[in-house]
A.B. asks: 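One structure is given below, represented as structure tokens, and several questions about it will come after.
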Protein chains: 2
Amino acid sequence: MGRIENRIRRLRFDNNEMTQEELAQRAGCTRQTIIALEQGKYVPSIELAFRVAGVFGVSLEEVFQYEDS
Amino acid sequence: MGRIENRIRRLRFDNNEMTQEELAQRAGCTRQTIIALEQGKYVPSIELAFRVAGVFGVSLEEVFQYEDS
DNA sequence: CTCTGATGTAAGCTATACTTGACATTGTGT
DNA sequence: ACACAATGTCAAGTATAGCTTACATCAGAG
């Protein structure tokens with residue numbers, strides 16, 4: 001299998017301390033989803049992953065990393 | 001919204017005409033899933049997307065593209 | 001102290017990724 | 001003609017991403 005980790009929280013703070021609410025709106029999801037993603041409660045769909053990366057203007061792989069195991 | 005497209009079928013043929021069955025085994029999913037992905041019947045999870053890219057030795061974004069709309 | 005903004009928690013619901021298993025089709029080799 | 005490999009189809013089940021709604025906590029500002 002493998003794990004997916006993400007740097008959403010760090011990217012939010014690096015981007016002018018963007019709030020969860022603002023990120024959610026710009027990524028087209030709810031605040032609850034951002035919270036769950038930051039806490040690793042679940043892994044995003046690939047669409048949402050692309051949109052979140054788009055908000056920060058970085059590649060998907062700069063936000064989400066796959067770790068083998 | 002937005003669409004996700006993929007180049008799995010092309011990558012399979014470019015990689016020594018790898019069969020759906022072999023790709024499925026190496027990516028850790030079933031052949032049915034590969035068929036469905038190639039036909040655009042659904043979009044993979046981000047884990048599977050990473051594993052498929054890994055089989056071909058390319059980045060996720062070389063296999064899956066997000067198109068705004 | 002009180003109000004508000006930011007974050008977190010929890011329950012229940014829907015949509016869909018992915019599975020298994022069984023069967024159909026097509027092309028190639030013998 | 002027959003066998004096999006590769007691809008495709010269909011149906012039913014499970015797991016989970018993402019949603020909505022509602023409420024709790026905590027820090028900073030007035």
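Throughout, a chain's letter reflects where its sequence line sits, starting with A, and its residues are numbered from 1.
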A.B. asks: Rounded to whole angstrom units, what separation is found between the CZ atom of Arg12(A) and the C1' atom of dG5(C)?
C.D. replies: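 Rounding to the nearest Å, CZ of Arg12(A) and C1' of dG5(C) are 13 Å apart.
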A.B. asks: Nearest 0.5 angstrom please: Glu62(B) CD to Arg7(B) CZ, how far?
C.D. replies: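 Answer rounded to 0.5 Å: 8.5 Å.
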A.B. asks: Rounded to the nearest 0.5 Å, what's the gap from CD on Glu38(B) to CG on Asn6(B)? Could you check?
C.D. replies: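 Taking CD in Glu38(B) and CG in Asn6(B), the distance rounds to 7.5 Å.
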A.B. asks: What pairs of nitrogen or oxygen atoms, one from the protein and one from nucleotides 11-18 of chain D, lie under 3.5 Å apart?
C.D. replies:
unit_1	atom_1	unit_2	atom_2	d
dA17(D)	O5'	Val43(A)	O	3.1
dA17(D)	O3'	Ser45(A)	N	3.3
dG18(D)	OP1	Ser45(A)	N	2.6
dG18(D)	OP1	Ser45(A)	OG	2.6
dG18(D)	OP2	Ser45(A)	N	3.3

A.B. asks: Just how far is it from atom CG of Leu60(A) to atom CD1 of Ile46(A), taken to the nearest 0.5 Å?
C.D. replies: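 Between Leu60(A) CG and Ile46(A) CD1, I get 6.5 Å after rounding to 0.5 Å.
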A.B. asks: Atom CD1 of Ile8(B) to atom P of dC18(C): distance rounded to whole Å?
C.D. replies: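 Spelled out: CD1 on Ile8(B) to P on dC18(C) is 10 Å.
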A.B. asks: Do any side-chain nitrogens or oxygens of Arg9(A) fall under 4.0 Å of OP1 or OP2 in dG8(C)?
C.D. replies: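 For dG8(C), OP1 or OP2 has a side-chain N or O of Arg9(A) closer than 4.0 Å.
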A.B. asks: Rounded off to whole Å, could you give me the CD-to-P distance for the Gln39(B) and dA6(D) pair?
C.D. replies: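 So the two atoms are 18 Å apart, to the nearest Å.
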A.B. asks: Between atom CD1 in Ile35(B) and atom P in dT19(C), what is the gap in whole Å?
C.D. replies: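 In whole Å, dT19(C) P lies 12 Å from Ile35(B) CD1.
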A.B. asks: Provide, to the nearest angstrom, the distance between the CG atom belonging to Leu23(B) and the C1' atom belonging to dA5(D).
C.D. replies: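 So the CG-C1' distance, Leu23(B) to dA5(D), works out to 17 Å.
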A.B. asks: Quick one: Arg31(B) CZ to dA5(D) C1', roughly how many Å, whole number?
C.D. replies: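 Whole-Å distance recorded here is 10 Å.
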A.B. asks: Quick one: Glu21(A) CD to dT4(C) P, roughly how many Å, whole number?
C.D. replies: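 Rounded to whole Å, this separation is 17 Å.
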A.B. asks: Quick one: are Ile4(B) and Phe50(A) in side-chain contact, heavy atoms under 4.5 Å?
C.D. replies: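 Ile4(B) reaches Phe50(A) side chain to side chain.
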